[in-house]
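By convention in this document, chain letters (A, B, ...) are assigned in the order of the sequence lines, proteins followed by strands, and residues within each chain are numbered from 1.
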Amino acid sequence: MAYSVDIDRKWQKKWEETRIYRFDKKNLEKKLYCLEMFSYPSGAKLHAGHWYNFGLTDSWARIKRMQGYNVFHPQGFDAFGLPAENYAIKTGIHPKDSTLKNIATMEEQLRQMGATFDWDYEVVTCLPEYYRWTQWIFLQLYKHGLAYRKNAPVNWCPSCKTVLANEQVVDGCCERCSSEVTRKNLTQWFFRITKYAQELLDCLPDLDWPEKTKKIQTNWIGRSEGAEIEFKVAGSDLSFRVFTTRADTLYGVTYVVLAPEHELVDKITTEDCRQAVEEYKKAVAKVSEIDRMSTVREKTGVFTGAYAVHPLTGEKVQIWIADYVLAGYGTGCVMAVPAHDERDYEFAQKYSLEIRRVIKGAEGVDDALPFVEDGFLTGSMEFDGLSSEEARAAIVKNLESVNAGEPKVTYRLRDWLVSRQRYWGTPIPIIYCDKCGTVPVPEDQLPVELPYNVVFTPDGESPLAKCEEFINTTCPDCGGPAKRDSDTLDTFVCSSWYFLRYPDNKNDREPFNRELINKMLPVDKYVGGAEHAAMHLLYARFFTKALRDMGCLDFDEPFLSLVHQGVILGADGQKMSKSRGNTVSPDEYIERYGSDVFRMYLAFGFNYVEGGPWSDEGIKAMDRFVARVERLVTNFAREKGTPGSDRFGPDEKELNYVRHYAIKCATEDTEVFQFNTAIARIMELINALYKYGALENRNMKLMEDALKDAILLISPFAPHFAEEMWQTLGYDYSIFNQSWPIHDEKALVRDEIEMAVQINGQVKFRINVPRDADDKQVEEAALADERAPGYIGGRSIVKVIVVKGRLINIVVK
RNA sequence: GCCGAAGUGGCGAAAUUGGCAGACGCACUUGACUCAAAAUCAAGCGGUAGCAAUACCGUGCCGGUUCGAGUCCGGCCUUCGGCACCA
């Protein structure tokens with residue numbers, strides 16, 4: 001039977017009946033945890049990107065399985081989230097109903113992929129069995145001081161009617177709906193990820209992750225080393241601290257700037273200036289955070305009338321407020337050194353403030369102001385002549401001795417805002433009691449179930465707030481009337497620990513068993529989109545570390561090795577989208593060619609990490625290749641048993657060489673997700689088999705062995721097809737219980753090697769030399785070649801370089 | 001603006017530590033089979049010149065190091081990611 005989608009179904013059924021991909025819980029010594037980022041159950045069908053991610057990672061997992069690993073390869077769904085709720089607002093279909101329906105559809109489609117998923121370990125984040133433990137983790141974080149509430153200005157999307165994390169705001173617009181984001185003050189729950197900033201940074205170098213991703217995380221965390229320096233407010237007991245990375249420029253301070261929101265502003269502002277300050281503060285409050293973040297905007301500010309005392313010189317400098325100083329970074333105050341900072345320079349020029357040089361460039365360096373690079377100190381009393389680097393240490397030391405400063409490290413990373421004014425998410429397990437205050441829901445009362453009967457009106461208030469039977473409850477402490485938190489958790493919270501739940505997904509006493517999880521984790525190979533480089537991956541790392549410190553597990557990092565798949569574009573080279581009409585619907589292709597052809601095309605047509613444009617010609621070519629293999633197999637199966645020779649001449653040697661070369665390369669390339677070259681080598685083996693098959697008096701044993709290896713090599717990429725071919729060749733079920741072939745190094749040694757002969761670095765001709773020829777013999781062979789004199793002419797040989805097994809370069813003059 | 005990655009035939013892409021550029025495939029051309037077409041099988045296929053042997057050019061651009069550079073160094077250009085008043 002020619003390969004088609006029917007073959008897919010046949011073997012899917014058989015695999016399911018025989019439970020062939022079931023994970024063996026007893027053999028944890030050789031476990032290998034292979035994981036793709038789980039998906040959101042959207043209403044649409046699986047797209048090419050899902051196949052690219054899941055299908056090819058599955059091929060990788062299959063090889064590992066055949067190499068004897070006990071592969072744990074689970075699947076699940078990131079099932080809470082905005083789209084389902086927005087869909088409900090639009091259509092009236094309840095998020096729970098639509099989500100569960102979508103999950104059923106997607107499960108079905110994922111089964112049709114023919115992957116090695118063990119569905120016994122499925123995890124669905126919107127089910128109480130799961131979110132009960134999300135809530136439990138929230139409570140542990142709360143108990144350990146890692147979850148706290150504060151009033152904070154938040155990014156508000158007027159269209160989604162919800163709060164967005166900074167990272168969900170793209171160009172001042174909502175990541176999801178692209179409407180303009182505004183600012184709003186709300187009391188929100190935060191996770192103290194900043195506590196782990198340094199560790200999150202320190203563990204990065206040892207991870208087998210793409211360098212680019214590590215770089216993104218490094219930037220995101222944004223460590224900055226410097227000093228905190230105290231300035232006293234002249235004529236009062238008040239003081240404030242500034243953070244600076246340029247303590248060497250301290251003598252160049254001519255004024256200081258506070259963020260307009262800084263708490264000290266009201267206290268120090270003089271009567272003369274109060275009106276101007278108040279007006280300025282009002283004006284700043286009106287400017288959206290987005291506009292304020294624009295670098296092209298002209299800097300503005302006002303004088304507070306107050307003066308600060310320079311900690312070393314005792315000089316009085318003006319205190320200003322300006323919007324270019326951010327309340328949320330560092331201490332919310334800066335010392336202004338206009339001579340050596342571009343922003344301060346611009347500001348000082350505008351408001352005619354003094355600009356005082358304290359750094360000069362080295363000999364020959366253009367140090368026109370503002371000079372922002374390191375140099376040598378000048379006008380800085382006893383520090384004159386020191387380099388910037390020496391001066392930073394010396395000045396901070398000096399400050400420390402007078403108790404006016406010390407070395408300090410700050411981070412750009414901010415705490416993670418997790419409250420969402422939304423329905424379709426994990427309820428926050430907190431109760432507010434007038435008498436007892438903020439009370440965590442007792443663990444034995446979890447889960448706090450999400451009520452089904454709610455009204456979806458997009459008015460910015462959580463639907464839960466309007467659900468009386470949910471919101472009104474009794475205080476667990478005093479038994480009096482109390483209210484539940486009406487917000488739900490960011491869905492990134494759900495996805496920050498799902499990989500911990502998979503191995504123990506049915507545990508109803510705890511989120512996961514500590515002993516088991518210590519054996520099953522970390523994840524050995526994690527594969528998913530690069531768009532999660534900053535958020536998801538950082539949050540999951542934070543959760544892992546926090547859970548470790550709370551005694552729930554004993555490892556430091558969740559994902560040892562990470563791969564990002566590229567993006568498959570439409571045939572026009574543009575991102576696939578319905579509006580462009582360039583989407584590729586896997587179902588149609590699978591119906592026509594079978595899922596293995598689809599998967600193999602994805603494997604062969606692209607560099608996995610880069611992705612690229614879809615090509616109908618490309619998948620047709622793959623269809624032809626599969627048919628070509630099938631012809632080879634059926635022809636051979638017909639001839640099987642006919643007597644052949646047992647000779648092992650040059651033809652056999654060549655076939656055996658290609659065979660083992662294919663085994664070696666396919667194994668090594670697949671290991672590092674280079675599926676395209678792995679398949680190229682398999683194609684070469686098939687070509688070699690055709691060539692050999694056309695000969696008279698073949699060595700049938702060798703041919704069968706080579707063909708058998710070829711099918712084994714194809715099997716991870718075309719599992720249904722390979723299973724069918726295996727059967728056609730008369731072997732027992734299942735090919736996936738076979739061992740992965742190992743190449744024979746001896747077969748890769750050729751008797752004669754072709755080497756290129758270069759004259760002055762240019763290839764002129766090629767010679768064949770015996771495999772074991774030494775440099776001298778190679779040189780002699782090259783020079784003895786009849787073509788050599790013509791190229792050398794009358795010139796003399798200056799030097800001869802022999803690169804073993806590759807080329808010989810004759811340098812002549 | 002800063003940080004990072006990438007630019008290779010008509011196309012998708014390969015290329016160990018600096019060592020034969022273009023593996024494998026698509027498209028195309030030719031031949032075999034066929035009444036014919038498709039499919040299949042076989043062969044060719046970077047550019048220019050030439051009947052040919054061959055010569056010259058060729059990995060975004062300019063320069064450098066080297067016996068030898070797609071690969072290393074310096075300077076540009078373009079594209080794509082990340083960050084962006086971070087003190």
Side-chain angles (χ1 to χ4, degrees), chain A residues 167 210-220 222-224 226-227 229 242-246 249 256-257 259 292-299 322-326 328-337 340-344 346-347 410-414 530-531 533-534 564 567 573 601 604-607 609-610 612-622 624-625 627-628 631 665 668-669 674 676-684 686-687 690-691 694 754-766 790 798-813:
Chain A
E167 50 269 28
E211 287 306 317
K212 198 176 154 183
T213 306
K214 294 198 212 177
K215 184 87 191 172
I216 288 171
Q217 294 219 342
T218 305
N219 290 344
W220 199 266
R223 182 189 153 103
S224 179
I229 301 174
V242 300
F243 173 73
T244 179
T245 55
R246 293 296 305 271
T249 63
V256 294
V257 190
R292 236 178 110 173
M293 283 201 296
S294 160
T295 26
V296 292
R297 225 169 118 258
E298 198 180 350
K299 292 162 192 21
D323 60 358
Y324 78 89
V325 175
L326 307 174
Y329 181 78
T331 59
C333 324
V334 302
M335 57 180 223
V337 186
H340 306 291
D341 180 283
E342 275 166 21
R343 287 156 302 177
D344 297 342
E346 194 189 317
F347 193 82
T410 57
Y411 301 88
R412 200 183 71 89
L413 183 71
R414 294 194 218 176
E531 67 274 17
H564 295 307
V567 179
Y601 167 60
F604 180 66
F606 310 85
N607 172 314
V609 170
E610 287 168 16
W614 174 267
S615 157
D616 275 348
E617 294 304 320
I619 194 168
K620 270 187 217 157
M622 193 48 75
R624 278 206 291 274
F625 173 70
R628 184 171 151 85
R631 272 195 304 280
C665 295
E668 291 172 359
D669 292 354
Q674 285 197 26
N676 52 350
T677 49
I679 288 177
R681 300 290 89 79
I682 298 170
M683 285 173 164
E684 284 170 355
I686 296 299
N687 290 344
Y690 261 94
K691 201 170 169 189
E754 189 190 68
M755 287 181 74
V757 180
Q758 295 184 334
I759 307 292
N760 287 344
Q762 273 193 318
V763 179
K764 294 300 181 186
F765 59 96
R766 286 162 237 278
V798 181
K799 197 157 131 189
V800 175
I801 294 136
V802 178
V803 181
K804 213 163 173 39
R806 295 191 168 274
L807 56 77
I808 170 167
N809 188 12
I810 300 165
V811 186
V812 298
K813 212 159 72 181

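Nearer to the 5' terminus of RNA chain B, by closest-nucleotide assignment, is the contact made by A/G612 (compared with the other of A/T331 and A/G612). Judged by closest nucleotide on RNA chain B, A/I216 is the one of A/I216 and A/D344 placed further toward the 5' end.
B/rA87 and B/rU79: their C1' atoms are spaced 33 Å apart (whole Å). The gap from the P atom of B/rU71 to that of B/rG64 amounts to 14 Å, rounded to the nearest Å. If you take atom P in B/rA42 and the same atom in B/rG25, they sit 11 Å apart, rounded to whole Å. For the C1' atoms, the distance linking B/rC24 with B/rG75 amounts to 37 Å, nearest Å. For the C1' atoms, the distance linking B/rA36 with B/rA32 amounts to 15 Å, nearest Å. Taking the P atom of each, B/rU29 and B/rG46 are spaced 16 Å apart, rounded to whole Å. Taking the P atoms as reference points, B/rG19 lies 11 Å from B/rC72, given to the whole Å. Rounded to a whole angstrom, the distance from the P atom of B/rG18 to that of B/rA13 is 25 Å.
Of the candidates B/rG19, B/rC3, B/rA84, B/rC3 carries the atom nearest the A/K215 side chain, counting heavy atoms from C-beta on.
One can place NE2 of A/H564 at 18 Å from P of B/rG4, the figure rounded to the nearest angstrom. Rounded to whole angstrom, the span from the CZ atom of A/F765 across to the P atom of B/rA55 amounts to 12 Å. When the P atom of B/rC86 is taken as reference, atom CE of A/M335 falls 14 Å away, rounded to whole Å. Rounded to a whole Å, the CG atom of A/N760 is 13 Å from the C1' atom of B/rU66. Put simply, CG on A/L807 is 16 Å from P on B/rU17, counting in whole angstrom units. The separation between A/F606 atom CZ and B/rG12 atom P is 11 Å, rounded to whole Å. Between A/E342 atom CD and B/rC86 atom C1' there is a gap of 14 Å when expressed in whole angstrom units. With rounding to whole Å, A/W220 atom CH2 is found 14 Å from B/rC86 atom C1'.
At a threshold of 4.0 angstrom between heavy atoms, the contacts of A/N809 include nucleobase atoms, whether or not backbone atoms are also involved. The residue A/V811 sits close only to the backbone: its heavy atoms come under 4.0 Å of sugar-phosphate atoms, none of a base. Base contact: A/E754 has a heavy atom under 4.0 Å from a base atom. The residue A/G222 sits apart from the nucleic acid: no heavy atom pair falls under 4.0 Å. No engagement by A/E211 is indicated, since no non-hydrogen atom pair under 4.0 Å with the nucleic acid exists.
When Watson-Crick and G-U wobble pairs are counted only if both distances are under 3.5 Å, B/rG63 pairs with B/rC73. Remark: B/rA49 base-pairs with B/rU54; criterion is Watson-Crick or G-U wobble with both hydrogen-bond distances under 3.5 Å. Across all strands shown, B/rC80 is found opposite B/rG4 as a Watson-Crick or G-U wobble partner, with both distances under 3.5 Å. Using Watson-Crick or G-U wobble geometry with both donor-acceptor distances under 3.5 Å, B/rA13 finds no partner in any strand shown. Taking a pair to require two hydrogen-bonding distances under 3.5 Å in either a Watson-Crick or a G-U wobble arrangement, B/rC35 remains unpaired.
Listed here is the closest heavy atom pair of A/V812 and A/N760: N-OD1, 2.9 Å.
Glycosidic torsion of B/rG10 falls outside 90° of 0, placing the base in anti.
Here A/N687 contributes atom CG and A/R628 contributes atom CZ; the two are 4.5 Å apart, rounded to the nearest 0.5 Å. One distance of note links CZ of A/R412 with OG1 of A/T218; it measures 11.5 Å at 0.5 Å rounding. For the atom pair CG (A/D669) and CZ (A/R681), the distance works out to 7.0 Å, reported to the nearest 0.5 Å.
Applying the 3.5 Å distance criterion, the base of B/rC83 shares no donor-acceptor pair with the side chain of A/N219. Judged by distance alone with a 3.5 Å cut-off, a donor-acceptor contact links the side chain of A/K299 to the base of B/rC85.
Between A/Q674 and the phosphate of B/rA15, there is a side-chain N or O to OP1/OP2 separation shorter than 4.0 Å. Contact annotation: A/N607 side-chain N/O to B/rA14 OP1/OP2 distance is under 4.0 Å. Remark: A/K212 is not in phosphate contact with B/rA5, judged by side-chain N or O atoms under 4.0 Å from OP1 or OP2. For the OP1/OP2 pair of B/rC41 and a distance below 4.0 Å, the side-chain nitrogens and oxygens of A/R631 include at least one atom meeting the criterion. A sub-4.0 Å separation between OP1 or OP2 of B/rC86 and a side-chain N or O of A/R223 is absent.
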Evaluate the salt bridge (charged side-chain N to carboxylate O under 4.0 Å, His left out) criterion for residues A/E617 and A/K620: first the C-alpha distance (whole Å), next the side-chain angles of each, then the deciding distance (0.1 Å), finally the verdict. CA-CA 5 Å; A/E617 294 304 320; A/K620 270 187 217 157; 3.6 Å; yes
Under the side chain to side chain contact (heavy atoms under 4.5 Å, CB included) rule, what do A/F606 and A/V567 come out as? Steps first, then yes or no, please. CA-CA 10 Å; A/F606 310 85; A/V567 179; over 6 Å; no
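A salt bridge is defined here as a Lys NZ or Arg NE, NH1 or NH2 lying under 4.0 Å from an Asp or Glu carboxylate O, and A/K214 with A/E211 meets this definition.
Residue A/E342 places its CD atom among 12 or fewer non-hydrogen atoms of other residues, nucleotides or ligands, all under 6.0 Å distant. Remark: A/K804 NZ is packed, more than 12 non-hydrogen atoms of other residues, nucleotides or ligands lying under 6.0 Å away.
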Take nucleotides 22-34 of chain B nucleotide by nucleotide from the 5' end and write B, S or -, depending on whether a protein heavy atom sits under 4.0 Å from the base, only from the sugar-phosphate, or from neither. -BBSSS-------
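When only modelled atom types and interatomic distance are considered, A/Y601 and A/D616 share no side-chain donor-acceptor pair under 3.5 Å.
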